[in-house]
Protein chains: 2
Amino acid sequence: MPSTSTRRRRRLTPRDSRADVFTAAAELFSARGFDGVGIDDIAHAARLNKAMIYYHFDSKRALYREVVHDMLRAVGTLATEAASRPDPADVQLTAFIAGLIQMADERPWFPPLMLREIAEGAPRLEPDTLALMKTVFTAFGRILAEGQASGLFRPVNTVLAYMSILGPILLNAARERAAARPGRLELPMFAEVPHSELTTHMQQAALRLLSAQESRP
Amino acid sequence: MPSTSTRRRRRLTPRDSRADVFTAAAELFSARGFDGVGIDDIAHAARLNKAMIYYHFDSKRALYREVVHDMLRAVGTLATEAASRPDPADVQLTAFIAGLIQMADERPWFPPLMLREIAEGAPRLEPDTLALMKTVFTAFGRILAEGQASGLFRPVNTVLAYMSILGPILLNAARERAAARPGRLELPMFAEVPHSELTTHMQQAALRLLSAQESRP
DNA sequence: GTCTATAAATAGATAGAC
DNA sequence: GTCTATCTATTTATAGAC
């Protein structure tokens with residue numbers, strides 16, 4: 001969420017239109033991409049008009065950047081905290097995975113948005129955005145290195161391991177959103193998967209991928 | 001590739017402008033998405049002009065549909081052929097994985113395009129497109145079921161297994177394209193990964209995920 | 001803070017010459 | 001088959017009233 005600390009506080013919940021714009025923008029950018037969304041669409045979804053968008057944000061691109069940065073900051077914090085836990089690497093890793101899945105639940109716009117950013121090679125991303133992405137990857141690398149140093153994990157390419165864990169989580173979350181469209185649920189590939197089953201599967205898959213010893217049940 | 005069989009053949013390689021449009025469109029849609037690409041961009045990339053696009057294709061959307069369908073047909077064929085091999089399921093599976101990686105090499109526009117289609121919930125996809133997607137998923141399901149029936153694979157949710165295999169492959173291929181942008185290669189997360197290492201990793205990961213017995217080396 | 005109205009640029013699509 | 005010129009609609013962004 002965007003920081004509200006810099007703006008004046010008023011009493012009696014007087015509608016935070018900036019937050020409404022942010023949320024509407026996040027949902028729409030996630031669903032249709034930067035170019036697929038018009039300022040008018042965002043304004044309508046936030047039950048406001050064009051002018052209010054520009055009252056709160058400098059430009060469409062600036063608004064998009066805030067949405068992406070908010071998302072990356074959250075993931076960066078999650079990864080860094082997981083890597084800093086005083087636990088063995090497998091616990092750190094499963095915590096990271098559970099956190100990612102939970103985050104996709106709390107910020108449903110996050111998975112498609114991140115998927116698209118990667119798919120497009122993040123052309124709209126300035127240096128500070130790349131720095132945020134680097135934070136996540138670095139923290140993940142720390143977990144892996146620690147697991148390998150302790151003999152818990154086998155040696156694997158860090159980039160490929162990263163893709164192997166991030167990929168399915170993002171893809172499945174995006175799939176869930178796609179399944180929500182009318183007439184999709186009948187198709188087997190859009191079948192609903194319980195949250196708990198998802199988490200278990202992803203954690204098992206990661207440990208099976210990395211485990212140095214024979215596979216665990 | 002689009003079928004050229006319906007059009008007249010001329011001698012001396014007289015430039016197939018339709019194929020040029022198709023390739024340019026595939027590359028651009030892949031890199032920037034449907035809404036991120038203008039007809040003019042495609043025309044320029046194909047060293048033609050707007051009018052030629054509409055001479056060959058009915059509309060921007062029709063052109064996009066052809067690109068997506070061509071891709072899905074190719075993956076569908078790959079998956080169906082892998083599932084029809086007279087081999088044990090693990091061989092079928094590794095063949096499917098190797099084929100996917102090879103396809104991403106031959107049609108570099110495929111991974112980002114498919115990633116985006118999933119991320120967006122395929123809003124532009126008509127019934128016949130969904131049928132193509134279903135073909136791929138069904139063939140994958142056959143491989144899994146056969147592996148489980150023969151005791152080679154453990155029981156896993158088909159959808160989650162599908163995401164776990166497709167996700168990393170697509171994500172990594174998209175990452176590779178993103179890495180090609182200037183100033184990216186220095187970052188660790190955009191480091192180059194040899195083709196062979198990628199294939200081995202993905203096949204190992206899939207087998208470790210699904211294997212019924214203890215992990216294989 | 002919120003709105004209407006409008007400017008200025010861009011994009012999908014077509015007409016028609018060659 | 002290939003081109004230039006153009007129509008029309010949409011879209012980002014701003015001006016200014018309330």
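Order of the sequence lines fixes the chain letters, A, B, ..., with proteins taken first and strands second; residue numbering starts at 1 for each chain.
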Inset, instruction - For B:A45, check side chain to side chain contact (heavy atoms under 4.5 Å, CB included) against everything at least two apart and list the hits. - result: B:A24, B:L28
Inset, instruction - Specify the separation, in whole Å, of atom OH of A:Y64 and atom P of D:dA13. - result: 15 Å
Inset, instruction - Under the ring-ring contact (aromatic ring centres under 6.0 Å, His included) rule, collect the residues that match up with A:F29, sequence neighbours excluded. - result: A:F34, A:Y64
For residues 167-175 of chain B, dump all side-chain donor-acceptor pairs below 3.5 Å to protein atoms at least two apart in sequence or in another chain.
| from | atom 1 | to | atom 2 | distance (Å) |
| --- | --- | --- | --- | --- |
| B:N172 | OD1 | B:R175 | NE | 3.0 |
| B:N172 | OD1 | B:R175 | NH2 | 3.1 |
| B:R175 | NH1 | B:M189 | O | 3.1 |
| B:R175 | NH1 | B:A191 | O | 2.9 |
| B:R175 | NH2 | B:A191 | O | 3.3 |

Inset, instruction - Take nucleotides 3-18 of chain C nucleotide by nucleotide from the 5' end and write B, S or -, depending on whether a protein heavy atom sits under 4.0 Å from the base, only from the sugar-phosphate, or from neither. - result: BB-------BBBB---
Inset, instruction - Please identify each residue that fulfils side-chain hydrogen bond (donor to acceptor under 3.5 Å, both in side chains) with A:D41, with sequence neighbours left out. - result: A:R32
Legend entry - Sequence neighbours excluded - salt bridge (charged side-chain N to carboxylate O under 4.0 Å, His left out) pairs with any residue from residues 186-197 of chain B: none
Legend entry - Rounded interatomic separation in angstrom, taking CD1 from A:I53 and P from D:dT11: 14 Å
